[in-house]
Amino acid sequence: MKIIMLGAPGAGKGTQAQLIADKYGIPHVSTGDIFRANIKNGTELGMEAKKYMDQGLLVPDELTVRILLDRVAKEDCKDGYVLDGFPRTIPQAEVLDQALTERGDRIDFAIDVDAPDENIVKRMSGRRACLACGATFHVEHIPPKQEGICDRCGQELVLRDDDKEETVQKRLDVYHEQTQPLLAYYEKKGVLRTVDGTKTMQEVFAAVTALLG
Ligand code: AMP
């Protein structure tokens, strides 16, 4: 099963992607996580991506598409995957479609986790991330067992630079301008499904599993 998670940054698509990955036994592929891992390891790719990420801007398509196609070509992705944060532009979606079509394959579902901007700005300020393993928490909604510490790997949790309020607003503007057109793109392909992202994490996941079967 090949699934794309759509929705504004902070709508909860990363959390849902992880839940889907766990339930269906497919990899959770997040381009944001791949970039952050590269930043942490000080790679050239990471340094290039950071210039854009810190400003709330998108990393150029050329670079992003390359890392995504490399990732989904790996053995663990052969039976499916859930993409989180990719595609974010129409050209990215077209490159992915082309790569899949060449193999007689296609995306099964594009799930839009829908939430209004006000709701998102409020949520993002409470978000905490583990830079070591990519897990995300929320001080109110998904608190870690021990404050400030990752449940999964025991490292310290932080407020990511790109989750800070002024960056969040910029990311929402970028979302509306460059990513939202993907809803119509996948609608036209007949694979778009929408869930209400203002509900609790469990309610959203129940809606998602009802769609996926
Ligand atoms: P995320 O963790 O998905 O919210 O991504 C964090 C940041 O990484 C974004 O604000 C972008 O700067 C960059 N990024 C992640 N995925 C993409 C993508 N598909 N295209 C361009 N930039 C991306």
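Each ligand, and each atom within it, is numbered from 1 in the order the structure gives. Residue indices begin at 1 and follow the sequence shown.
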Looking only at protein heavy atoms, which one is nearest to atom 23 (C) of ligand 1, and how far off is it? Phe35 CE1, 3.8 Å
Check Asp61 with Arg88, please: is the shortest side-chain N to carboxylate O separation under 4.0 Å? no
Between Arg127 and Asp163, is the closest basic N to carboxylate O distance under 4.0 Å? yes
If we only count N/O pairs under 3.5 Å, is Gln92 in contact with ligand 1? yes
Between Lys170 and Asp173 (salt bridge meaning N to carboxylate O under 4.0 Å), is one present in this structure? no
Under 4.0 Å between a side-chain nitrogen and a carboxylate oxygen: does that hold for Arg193 and Asp112? no
Under 4.0 Å, heavy-atom basis, I'd like to know which part of Thr64 is in contact with ligand 1: side chain, backbone, both or neither. side chain
Tell me: protein heavy atom nearest atom 6 (C) of ligand 1, and distance? Asp162 OD2, 3.4 Å
Which option wins on minimum heavy-atom distance to atom 17 (C) of ligand 1: Arg160, Arg88, Lys13? Arg88
Arg71/Asp76 salt bridge by N-O under 4.0 Å criterion: yes
Determine yes or no for a side-chain-to-main-chain donor-acceptor pair under 3.5 angstrom, with His141 supplying the side chain and Met201 the backbone. no
Hey, which atoms in ligand 1 end up nearer than 4.0 Å to a heavy atom of Val59? 13 (C), 21 (C), 22 (N)
Ligand 1 to Thr31, heavy atom cutoff 4.0 Å, flagged ligand atoms 15 (C), 16 (N), 17 (C), 19 (N)
Establish, from distance only, whether the side-chain atoms of Tyr185 and Asp97 form a donor-acceptor pair under 3.5 Å. yes
If we number the atoms of ligand 1 from 1 as shown, the ones under 4.0 Å from a heavy atom of Gly85 are 16 (N), 17 (C), 18 (C), 19 (N)
Return the closest protein heavy atom for atom 4 (O) of ligand 1 as residue, atom name and distance. Arg171 NH2, 2.5 Å
Ligand 1 atoms in contact with Leu57 (distance to a heavy atom under 4.0 Å): 11 (C), 12 (O)
